[in-house]
Protein chains: 2
Amino acid sequence: MDKPRKAFASAKQVAELAGVSRSAVSRTFTPGASVSEETRKRVISASDKLGYHVNHLARGLLRQSSGIVCLVAADSDAPYTSRLIRTLVHSLQQAGKVAMVLESSGPSESADHALRQTLNYRADATVVLSGTPPQSLIRTCLDNGQRLILINRADQFSGPHNISLDSRGAGRTAFRTLQDAGCRRFALVSSEAGTPSLMARERAFVECAEEQGTEVAVTRNGRTSYEAGVLGARRLFSAGDPPDGVFCITDLIACGFMDAARHEFGLAIPEQLSVIGFDDIEQAGWASYRLTTFSPDVVALAARVVELATKAGETEENHRDLIEVPLVMRDTVRQS
Amino acid sequence: MDKPRKAFASAKQVAELAGVSRSAVSRTFTPGASVSEETRKRVISASDKLGYHVNHLARGLLRQSSGIVCLVAADSDAPYTSRLIRTLVHSLQQAGKVAMVLESSGPSESADHALRQTLNYRADATVVLSGTPPQSLIRTCLDNGQRLILINRADQFSGPHNISLDSRGAGRTAFRTLQDAGCRRFALVSSEAGTPSLMARERAFVECAEEQGTEVAVTRNGRTSYEAGVLGARRLFSAGDPPDGVFCITDLIACGFMDAARHEFGLAIPEQLSVIGFDDIEQAGWASYRLTTFSPDVVALAARVVELATKAGETEENHRDLIEVPLVMRDTVRQS
DNA sequence: TCGCTGCTTGCACAGCTGTGCACGATGCTG
DNA sequence: CAGCATCGTGCACAGCTGTGCAAGCAGCGA
């Protein structure tokens with residue numbers, strides 16, 4: 001190690017080694033700039049020798065665009081969320097951007113601190129996947145001209161792009177499907193998270209039932225998790241008048257619900273009990289579940305996000321996308 | 001919008017509004033710097049009014065330390081990997097760093113391009129979770145003084161920090177546990193990924209069996225996934241002499257293996273078949289599986305990584321950590 | 001009152017890059 | 001051969017911050 005100080009080579013050093021000006025080096029690595037083939041060769045040769053890599057911090061400083069897109073999520077290890085994140089990370093890379101991931105769970109003070117990173121690093125855009133970031137921060141993002149993309153949040157903000165899955169349609173379709181399968185006593189298993197998209201699905205399901213003159217037993221337990229489904233099943237099947245058609249607001253909940261229904265209460269699915277989920281997580285396709293569920297097109301969603309995050313010009317205020325979510329029929333709803 | 005140009009406020013503007021020098025602003029946001037209470041108040045008031053946020057790009061440029069830690073992974077949506085990533089992201093945030101996530105799957109050319117981002121952004125450290133980044137890039141990282149932390153890779157490099165789970169011990173414990181449970185015909189279900197840690201577990205299990213004078217049926221199928229387990233079961237149970245004690249190299253594989261064994265071949269677990277996994281993913285605890293498996297302490301692992309990524313001074317060359325992984329007994333191994 | 005000490009504060013520089021502008025060289029055309 | 005367009009190249013500036021250094025100022029002891 002003969003250079004303990006300057007670990008990274010700078011464009012200046014490359015220029016000296018190649019015998020050209022620093023501008024030439026910069027232009028070599030700027031697509032569309034005017035450089036002769038001769039000097040380009042020499043610059044690339046020199047930069048390879050020195051292991052030169054353009055410093056994106058300095059480039060971002062000058063261009064007012066860091067190339068960073070922030071993804072903020074809570075519970076980013078949940079199956080659906082992690083799939084979405086992975087797809088986004090991949091798509092962003094393809095588009096020449098890079099993803100910075102922030103966890104917004106935990107004490108709100110620390111989440112607040114974390115979210116400020118998106119401003120500190122001058123992210124080109126911020127994508128809010130879940131969780132409830134303080135409104136004040138969202139306001140701050142908007143005031144600073146931060147491009148903000150909210151997924152599945154029906155909040156009313158003037159400015160950010162909104163992309164939502166059609167929760168309303170899904171809730172109604174879920175009810176009709178269960179009804180068509182011959183179910184009579186309906187239930188809804190949810191969590192206490194109170195996310196806009198969860199609430200919308202709940203409301204749509206219940207409304208649709210009321211239109212048909214039917215009641216729905218609703219149970220909400222803790223976080224949106226496997227355990228929430230287990231607890232939901234215990235509540236519904238311990239009391240009298242157990243349901244035979246259940247909409248679980250999430251696949252994770254559905255898995256817990258089905259496991260408890262089968263192993264604790266000995267119920268047969270779909271013979272005695274029909275179940276529908278939402279998300280189409282990987283486990284929904286596993287042989288132990290074969291869950292009939294709504295399957296959002298995550299790739300299309302990610303593509304749309306990247307498009308919004310990348311497109312520089314148009315700041316169409318208060319843009320809204322609504323994506324329809326098809327129902328995938330597997331084996332947890334009785335065939336009529 | 002009265003400032004279409006300069007979206008973000010700079011320290012200079014804050015200084016002007018507060019009637020102090022720009023240095024004072026800088027010092028206000030630098031812990032341990034010398035500022036009077038009077039000016040600090042005025043600076044903070046002004047910066048709140050302007051929505052000022054320190055530009056970490058410029059700060060990183062000057063300090064030669066960006067505050068960014070890169071996490072590179074393949075298949076980052078697999079349950080174990082996503083849990084590890086989430087834990088790392090969280091721990092890094094607590095330590096005042098921020099995580100940049102890179103996907104190294106896909107065509108090697110694009111992965112190569114993605115990995116260069118860690119150099120472009122002058123990351124303080126790079127953590128390789130999985131996948132097989134080209135050796136040339138690792139070399140480049142090291143040459144540039146990049147702090148590199150390899151997890152579960154037994155590669156021989158002089159320089160990077162290595163943290164590994166004790167695959168060897170796990171493989172041996174798995175065999176002994178199955179043997180003690182009375183199993184006679186052993187099998188190993190793995191993937192074709194050929195990751196160092198997988199290979200080490202395989203070898204240890206087979207070696208231990210050979211020491212006892214027993215043979216092991218080994219099957220490897222595709223990627224490390226649920227399907228790999230399904231295919232493994234089909235192979236092992238379609239041929240004659242089916243096994244009664246199986247070590248699945250991963251929980252994901254174990255889930256697929258168990259589902260196929262039960263639903264396609266009607267086998268009872270653990271009565272006719274004992275299964276052990278590795279990773280202790282969330283699904284391993286679900287009622288449908290209740291899998292006996294090895295449970296790495298992800299939180300401790302993450303803490304160690306953060307410690308290595310943060311500690312500035314000591315560059316103890318070629319450091320190696322080996323973490324023991326306890327076996328969690330659930331219900332998939334017969335009680336003797 | 002004088003000298004010394006300690007705390008603040010401003011100046012100026014460094015850190016690395018992208019790009020407008022001017023200038024020189026080169027090739028093409030009449 | 002002259003004039004012009006084209007292309008490549010270097011200079012210098014901007015973008016934003018952290019910090020060493022020197023200077024100013026107040027306080028305190030003799």
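Sequence lines set the chain letters: A, B, ... in the order given, protein chains first and strands last, and positions in each chain run from 1. What you see is a predicted model; the values in this text were computed from it and never measured. Atoms considered below: every heavy atom in the structure, side chains included; atoms not considered: hydrogens, waters and symmetry mates.
Where Glu37(B) and Arg59(B) each meet DNA chain C at their nearest nucleotide, the meeting point lying more 5' is that of Glu37(B). Toward the 5' end of DNA chain C, the nearer of the two residues Ala24(B) and Lys12(A), judged by each one's closest nucleotide, is Ala24(B).
For Glu103(A) and Ser105(A), the side-chain atoms include at least one donor-acceptor pair closer than 3.5 Å.
Distances were taken from every side-chain heavy atom of Asn55(B) (C-beta onward) to each of dC16(C), dG18(C), dT17(D); the shortest belongs to dT17(D). Taking every side-chain heavy atom of Leu61(A) into account, dG15(D) is the closest of dG18(C), dG10(D), dG15(D). Each of dT9(C), dC7(D), dG18(C) was ranked by its minimum atom distance to the side chain of Ser36(B); first place goes to dT9(C). Each of dT9(D), dA12(D), dC7(C) was ranked by its minimum atom distance to the side chain of Arg22(A); first place goes to dA12(D). Comparing dG18(C), dG15(D), dT17(D) by their closest approach to the side chain of Ala58(B) singles out dT17(D). Each of dG10(C), dA14(D), dT19(C) was ranked by its minimum atom distance to the side chain of Leu62(A); first place goes to dA14(D). Checked against dG18(C), dG10(D), dT9(D), the side chain of Ser26(A) finds its nearest nucleotide in dG18(C). Checking dG10(C), dG18(D), dT17(D) against every side-chain atom of Val20(B), the shortest atom distance belongs to dG10(C). Of the listed nucleotides (dG18(C), dA12(D), dG15(C)), dA12(D) has the atom at the smallest distance from the side chain of Ser23(A).
One can place CZ of Arg40(A) at 10 Å from P of dT9(D), the figure rounded to the nearest angstrom. The nearest whole Å value for the distance from the CZ atom in Phe29(B) to the P atom in dC16(D) is 16 Å. Counting to the nearest Å, the P atom of dG10(C) and the CD atom of Glu16(B) are 13 Å from each other. To the nearest angstrom, C1' of dT19(D) lies 14 Å from CD of Gln64(B). In this structure, Leu57(A) places its CG atom 15 Å from C1' of dA14(C), rounding to the nearest Å. One atom, NE2 of His56(B), and another, C1' of dC16(C), lie 19 Å apart when rounded to the nearest Å. The nearest whole Å value for the distance from the CD atom in Gln13(A) to the C1' atom in dG15(C) is 12 Å. Rounded to an integer number of Å, the gap from Arg63(A) CZ to dT17(C) C1' is 9 Å.
Between Phe8(B) and Tyr52(B), the distance separating the two ring centers is not shorter than 6.0 angstrom.
OP1 or OP2 of dT17(C) sits under 4.0 Å from a side-chain N or O of Tyr52(A). Contact annotation: Ser34(B) side-chain N/O to dT8(C) OP1/OP2 distance is under 4.0 Å.
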Yes or no on side chain to side chain donor-acceptor pair (under 3.5 Å) for Ser36(A) and Thr39(A), after CA distance, side-chain angles and deciding distance?
CA-CA 6 Å; Ser36(A) 74; Thr39(A) 56; 3.1 Å; yes

Carefully, step by step, assess Asp77(B) and Ser82(B) under the rule side chain to side chain donor-acceptor pair (under 3.5 Å).
CA-CA 5 Å; Asp77(B) 56 344; Ser82(B) 71; over 6 Å; no

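Side-chain atoms of Arg27(A) come within donor-acceptor range of the base of dG10(D), with a qualifying N/O pair under 3.5 Å. Below the 3.5 angstrom threshold, one finds no donor paired with an acceptor across the side chain of Arg122(B) and the base of dG15(C).
With rounding to the nearest 0.5 angstrom, the NE2 atom of His161(B) is 5.5 Å from the CG atom of Leu308(B).
Of the possible donor and acceptor atoms, none in the side chain of Arg147(B) sits under 3.5 Å from a partner among the backbone N and O of Val127(B).
Contacts of Val25(A) with the nucleic acid, taken as non-hydrogen atoms under 4.0 Å apart, are absent.
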